[in-house]
Student: 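There's a structure below that I have some questions on.
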Number of protein chains: 2
Amino acid sequence: MVVAGAAKAVSRAFDDALVAAGGSRPMWLILVALQMRQPRSQVDLAAEVGVRDATLTHHLNAMESRGLVTRERDPANRRTHQVQLTDAGRAMFFQLVTAAQAHDRRLRAGFGDVELAALREALGRLQANVGG
Amino acid sequence: MVVAGAAKAVSRAFDDALVAAGGSRPMWLILVALQMRQPRSQVDLAAEVGVRDATLTHHLNAMESRGLVTRERDPANRRTHQVQLTDAGRAMFFQLVTAAQAHDRRLRAGFGDVELAALREALGRLQANVGG
DNA sequence: TATTGTTATACTCTATAACTATA
DNA sequence: TATAGTTATAGAGTATAACAATA
């Protein structure tokens with residue numbers, strides 16, 4: 001119960017940091033996924049981000065209208081869309097990385113390296129315990 | 001960044017557990033606040049729960065229509081509503097406590113007492129670092 | 001005027017179901 | 001029929017702004 005409260009506060013602070021930097025958590029996850037590997041299909045992206053197809057469509061619509069990504073039909077399988085980052089998308093990625101790193105520094109203030117490693121390991125186990 | 005992902009997963013798992021038990025996180029926070037002290041004004045409750053007055057009104061409307069709380073004007077200051085738990089509200093509180101405890105057991109599987117105390121302490125510091 | 005609470009409205013994130021188009 | 005994606009709709013949670021009632 002105490003853990004859940006802290007988890008919510010920490011999670012929300014990260015969301016707020018991304019919004020303050022002109023993005024959002026879903027946008028961040030999509031940008032990270034594309035930065036790792038692209039082009040990707042929407043089914044693939046949705047699975048990586050952890051949302052439904054229709055939810056991803058919603059976010060991609062917003063990102064496409066902001067010029068952050070492009071969607072092109074795959075000539076080999078015209079059902080699928082190949083999603084790719086634009087230059088503006090890469091710029092937004094670096095903008096959000098910067099914000100996330102600044103947030104991370106603030107978050108781990110007062111933590112030593114060893115302690116931080118232990119914390120990360122423990123959080124990973126908590127996440128596994130809830131099926132994440 | 002890893003921490004934020006784990007925090008979100010842990011936070012959401014708690015929300016899901018409360019929903020599965022017939023409640024929600026805001027309902028839980030309101031019930032806990034009233035169980036600690038009642039009657040309380042809505043300004044007071046909203047501050048404790050961490051939402052705006054209008055947001056609290058929204059949740060109290062739902063809880064009142066489910067018979068979990070009552071709102072009565074304070075005769076001494078007719079602007080304020082005194083919010084109180086009904087028998088059904090207390091029953092819902094215990095129902096959600098039970099669910100939260102079950103969830104907590106699952107969450108901390110594999111953690112020893114000492115390790116758990118260290119984790120709680122560390123999470124408290126993280127929360128403080130983000131201004132929670 | 002200041003405070004308490006409600007109403008109206010809107011926004012974000014998410015989901016399900018029905019649909020289109022391709023295979 | 002099965003798959004990829006879109007559209008329509010909805011619901012939860014939150015917020016701001018305008019308002020009414022009371023002090």
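Here is the naming used below: chain letters follow the sequence lines, and residue numbers restart at 1 for every chain. This one's a predicted model, so the numbers in the text were calculated from it and none came from an experiment. The basis for the numbers below is simple: all heavy atoms, side chains too, and nothing from hydrogens, waters or symmetry mates.
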Student: Any salt bridge between A:Arg37 and A:Asp44, counting N to O under 4.0 Å?
Tutor: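 Yes, A:Arg37 and A:Asp44 are salt-bridged.
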Student: B:Arg25 and B:Ser11: side-chain donor and acceptor closer than 3.5 Å?
Tutor: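 The answer is yes; a qualifying pair exists.
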Student: Summarise protein proximity over nucleotides 16-23 of chain D in one line of letters, 5' to 3': B for base, S for sugar-phosphate only, - for none, counting protein heavy atoms closer than 4.0 Å.
Tutor: BB----BS
Student: CG of B:Leu56 versus P of D:dA12: gap in Å, rounded?
Tutor: 17 Å
Student: For a quick check of understanding: with a heavy-atom distance under 4.0 Å over all strands, which category does B:Thr57 fall into, base, sugar-phosphate or nothing?
Tutor: base
Student: If you pin A:Lys8 and A:Arg71 to their nearest nucleotides in DNA chain D, which one's is more 5'?
Tutor: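 Whichever sits nearer the 5' end wins; that is A:Arg71.
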Student: Over all heavy atoms of both residues, which pair between B:Phe94 and B:Gln35 is shortest? Give the atoms and the distance, please.
Tutor: CZ-NE2, 4.3 Å
Student: What orientation do A:Phe93 and A:Trp28 show, parallel under 30°, tilted 30 to 60°, or perpendicular over 60°?
Tutor: parallel
Student: Describe the nucleic acid contact of B:His58 in one word from base, sugar-phosphate, nothing, applying a heavy-atom distance below 4.0 Å.
Tutor: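 Counting heavy atoms under 4.0 Å across all strands, the contact made by B:His58 includes a base.
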Student: Compare every heavy atom of B:Leu96 with every heavy atom of B:Leu18, then report the nearest pair and how far apart it is.
Tutor: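 Shortest heavy-atom separation between B:Leu18 and B:Leu96 comes out as O-CD2, 3.9 Å.
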Student: Show the nearest heavy-atom pair for residues B:Gly67 and B:Thr86, with the distance to one decimal.
Tutor: O-OG1, 2.5 Å
Student: Within this structure, what is the CE-to-C1' distance between B:Met63 and D:dA12, rounded to whole angstrom?
Tutor: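 It works out to 15 Å between those atoms.
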Student: Evaluate A:Arg66 against A:Asn61 for side chain to side chain donor-acceptor pair (under 3.5 Å), listing each step before the verdict.
Tutor: CA-CA 9 Å; A:Arg66 284 179 62 178; A:Asn61 286 347; over 6 Å; no
Student: Does any donor atom in the side chain of B:Asn129 or A:Arg105 lie under 3.5 Å from an acceptor atom in the other side chain?
Tutor: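 There is no such pair (donor and acceptor under 3.5 Å, judged by atom type) between the side chains of B:Asn129 and A:Arg105.
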Student: Taking atom CZ of A:Arg52 as the centre, report whether more than 12 heavy atoms of other residues, nucleotides or ligands fall under 6.0 Å from it.
Tutor: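 No.
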Student: Look at A:Arg12 together with A:Asp15 and state whether they make a salt bridge at an N to O cut-off of under 4.0 Å.
Tutor: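 No, A:Arg12 and A:Asp15 are not salt-bridged.
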Student: Can you sort out which residues in residues 17-38 of chain B have a heavy atom within less than 4.0 Å of DNA chain D? Ascending by number, please.
Tutor: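 Heavy-atom contacts with DNA chain D come from B:Ser24, B:Pro26.
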Student: I need the CG-P distance between A:Asp15 and D:dA15, as an integer number of Å.
Tutor: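 In whole Å, D:dA15 P lies 13 Å from A:Asp15 CG.
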Student: Would you name the heavy atoms of A:Leu107 and B:Leu126 that are closest together and state the gap between them?
Tutor: O-CD2, 3.4 Å
Student: Which is the 5'-most and which the 3'-most nucleotide of DNA chain C that has an atom under 4.0 Å from a heavy atom of chain B?
Tutor: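 Extent of the interface on DNA chain C: C:dA2 to C:dT14.
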Student: Taking CG from A:Asp44 and C1' from D:dG5, how many angstroms apart are they, rounded to a whole number?
Tutor: 14 Å
Student: Compare side-chain N and O positions of A:Ser41 against OP1 and OP2 of D:dA4 and report whether any pair is under 4.0 Å apart.
Tutor: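 Checking D:dA4 against A:Ser41, no side-chain N or O comes under 4.0 Å of OP1 or OP2.
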